[in-house]
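Below, chain A is the first sequence line, B the second, and so on; all start at residue 1.
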There are 2 protein chains.
Amino acid sequence: MAKVDTSLVAHLPLFAGVKPEDLEEILREARSARYPKNSAIFEQGADAQSFFLLLHGHVRAAKTTPTGEQIVVRYVAPGETFGLAMAIGATRYPATAIAVDDSVALIWPTSAWPRLVERFPSLAANTLQTVGTRLQESHTRILEMSTQQVEQRVAHALLRLAKQSGKKLDRGIEIDFPISRQDIAQMTGTTLHTVSRILSGWEQQGLVESGRQRIILRDPHGIVVLAERSPDSGVA
Amino acid sequence: MAKVDTSLVAHLPLFAGVKPEDLEEILREARSARYPKNSAIFEQGADAQSFFLLLHGHVRAAKTTPTGEQIVVRYVAPGETFGLAMAIGATRYPATAIAVDDSVALIWPTSAWPRLVERFPSLAANTLQTVGTRLQESHTRILEMSTQQVEQRVAHALLRLAKQSGKKLDRGIEIDFPISRQDIAQMTGTTLHTVSRILSGWEQQGLVESGRQRIILRDPHGIVVLAERSPDSGVA
DNA sequence: CAGGGTGTTTGCGATAGCTCAAAACGGGCA
DNA sequence: TGCCCGTTTTGAGCTATCGCAAACACCCTG
């Protein structure tokens, strides 16, 4: 277990207002681990023994129904925390976390959280902020699912992914991790078939370029237009 | 402005782990106000000058799209906090809060939050817990909207309302505040027409008894069955 | 007690998106 | 290099739910 360089994480929102020497103390309680592509980090319903800070790679958090349907709760990008069950008073993970790319994360034992929060109250405040933001985003998503059609929802989802994990290319913006039609369907509350049809259409119009688990937004602005277009203002 | 009796609020999750004398200090910073039925407490987009703890009544938090569509984010019951924009680092309210019944709330100025959290770190921890729980619920709602049909979603919504704000009657459980078909539609991502049709059907089967802004679950268990029934297992 | 207004019910198309089915595709691995 | 498997595409019906429209019922007010 290599020692973590504080300079790599000092700027993260989680550690805002934490003194460098304190940060070192916090990091001493963590270990780091590597997760190969497609490996599970934790399973929904399992005992929440740890919480995580993603350093490299990308992680998909998904929730499964008793009947086996899944939705993608979110994609975790480097610098973000996940598996914070303890912070919300849960003892089990409410979702499953899978590395969608080779990934590296810092891991703290859940049991360390109360002590850390006591010693460094800004941790609680910072986490509150993050969780609050996620709650907002979650409400936005509900609003979208209630009021928008599938095409607009897919547009919004891609734009968010591009903002969070977009890689600038000459030809456009590429989503920087493998993502399937199925994944997008599970983010937007539709089926992979519908997503496929939509992307095919967009490809024809030159809005995107896509392939197996790969999407490039060639005309981000055009997609913004789609995302904001009111349901009936179709091109005559 | 009458002084608030600590015994009324001491047991609330928000104040868990706060010493009685500290609680008094916290309450000294608050004032209380009365909101008549159907009055606005704050508007989406307005400057978040205060945060609230509901003492009596019921409050509906709703989010509006640029195009005027609304969804109900949640109903606030007595003992719950709302308008915590500051906790999540926002300066404007992300939703509109309306008293659906004559209501009374404690009000703190947003500016007091940082000081309070500094002096009483358990406030942050407790709030984190609450917000985390709401995030969970929010994810559950997304899961439902993605995977269930309208009838099941309405069933779940009513069951949650009954649990949160149900009043036991001989004939069943009554939702203890005025709620319209439209409101339920905005909680479940459908239209008031569809909700009306569903409730009419249920009324025929003796599952509910309902009228103008009033719903009584006459057979809660029957509704649980509906809520959990897989999409296709209709009665032949 | 009548009037007006909000909330509710119900009918009747219209349709977005689902389901089922099958073929084509692409990439990694032996 | 060729095979195999997971992913994507596309077609063709089907239906749950919406959208519109109109009639209705209840409650509060004057």
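Note on B/R212: a base of the nucleic acid sits closer than 4.0 angstrom, heavy atoms only. Residue B/S200 is classed as a sugar-phosphate contact, given heavy-atom separations below 4.0 Å to backbone atoms only. Among the atoms of the strands shown, only primed sugar atoms or phosphate atoms (P, OP1, OP2) are found under 4.0 Å from some heavy atom of B/G189.
Taking atom CD1 of A/I198 as the reference point, atom P of C/dG17 lies 7 Å away to the nearest angstrom. Between the P atom of D/dA25 and the CD atom of B/E203 lies a distance of 14 Å, rounded to the nearest Å. Atom CD of B/Q182 is separated from atom P of D/dC18 by 12 Å (rounded to the nearest Å). The nearest whole Å value for the distance from the CG atom in B/L192 to the C1' atom in D/dC18 is 11 Å. C/dG17 atom C1' lies 18 Å from atom CD of B/Q148, rounded to whole Å. Atom CG of B/N38 is separated from atom P of C/dT6 by 12 Å (rounded to the nearest Å). Residue B/K37 contributes atom NZ, which lies 8 Å from atom P of D/dC28 at whole-angstrom precision. The nearest whole Å value for the distance from the CG atom in A/D183 to the P atom in D/dG6 is 15 Å.
Using a 4.0 Å cut-off between charged side-chain N and carboxylate O, A/R218 and A/E209 make a salt bridge.
Using a 4.5 Å cut-off on side-chain heavy atoms (C-beta onward), B/D219 and B/H221 make contact.
Taking only side-chain nitrogens and oxygens, A/Q149 comes nearer than 4.0 Å to OP1 or OP2 of C/dG17. A close approach under 4.0 Å does occur between a side-chain nitrogen or oxygen of B/T191 and OP1 or OP2 of D/dC18. Within the structure, a side-chain polar atom (N or O) of A/T194 is placed less than 4.0 Å from OP1 or OP2 of C/dC18. Residue B/R181 has a polar side-chain atom (N or O) positioned under 4.0 Å from OP1 or OP2 of C/dT9. Look at B/S196 and you won't find any side-chain N or O under 4.0 angstrom from OP1 or OP2 of C/dT8.
With sequence neighbours left out, the salt bridge (charged side-chain N to carboxylate O under 4.0 Å, His left out) criterion links B/E80 to B/R74.
B/R197 contributes a side-chain N or O that forms a donor-acceptor pair with the base of C/dG11 under 3.5 Å.
Here the side chain of B/K63 pairs a donor or acceptor atom with the backbone of B/P94 at under 3.5 angstrom.
Ranking C/dG17, C/dT19, D/dA16 by closeness to the A/H193 side chain, first place goes to C/dT19. Of the candidates C/dC18, D/dT9, C/dG7, the closest approach to any side-chain atom of A/S210 belongs to D/dT9.
Minimum heavy-atom separation, A/Q44 to A/T96: N-OG1, 2.9 Å.
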